[in-house]
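Indexing begins at 1, ligand by ligand and atom by atom, following the structure's order. Here, residue 1 is the first one in the sequence, and each next residue gets the next number. Fair warning: this is a prediction, and the values are worked out from it, not measured in the lab.
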Amino acid sequence: MKIFPLSEGAFTIDATKEFVPFDVNKDDLQQRPTGSLLVEIQPFLVQINSENVLIDTGLGYKGKSGKLQIFENLKKIGIEPSGISKVLVSHLHIDHAGGIFTEDANGKIILNFPEAEYFIHKKELDFAISKGSPSYAADSFEQFRNNPKIKILVEDEGIIEPGIAYKIVGGHTPYHLAFWFREGNEIAFFGGDVAPQLSQMKRNFIAKYDFDGRKSMELRSDWWKNAENEKWKMMFYHDIKNAVYQP
Ligand SMILES: [Zn+2]
């Protein structure tokens, strides 16, 4: 199993829920609205079972070249968008799901990874559509839910294919998914926004941005113990320094 972080860069987010690019070498956090959070946005490519599996899709951020940053990142490791066979989506907040599709000039949704199957949980999708903006791009979700490439998960936990398991864990959103990858004696883990940064694993706290902050805190504590015991490689979506960490 191989894991590649595919960072779109650092961004700040404030109460408007808008993500603004942040250059750590030039920009000053004090100049952003009070309470702004600085986060990395970092999807992952996992190579497992001779397949390229993408975990979450980023914002769909386009750099100066006008091309999707995630495409540029994949190109650097020799992978075309058509080489992605599965896309796993932990939850539908825009910084995780914005890169699923691009909207063309006529408002038509085009899936960014044309050969991939996209795995999204039905309960998360229904919740996102009921909630709408600004955290969710709800109109777009309605448009793609019937696309045959979108595989709607209905069980609360299960297997996507041998070696890849998912489970509704909640916490950050009511139906947030976590993913486990097993190949040989290696285990990799993605806890999405329940476990977004290494520093959060080592201290007990309740995050205001979570749907159920206490649940997230308890999950982090359980996962960290398991990670230590079973040598999980943990993938941190919002961690600038520690993309993949094995305790
Ligand atoms: Zn989120």
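The minimum distance between the Zn ion (ligand 1) and any N, O or S atom of His172 involves atom NE2. Taking the Zn ion (ligand 1) as reference, the nearest N/O/S atom within Asp193 carries the name OD2. Closest approach between the Zn ion (ligand 1) and any N/O/S atom of His93 involves ND1.
Residues Asp27 and Gln31 bring no donor and acceptor atom of their side chains to less than 3.5 Å of each other. Side-chain atoms of Glu51 and Ser85 form a donor-acceptor pair, as typed in the model, at a separation below 3.5 Å.
Checked against a 6.0 Å centroid threshold, the rings of His238 and His96 count as neighbours.
One distance of note links CG of Leu88 with CD1 of Ile164; it measures 6.0 Å at 0.5 Å rounding.
Here His96 does not reach the Zn ion (ligand 1): none of its N/O/S atoms is less than 2.8 Å from the metal.
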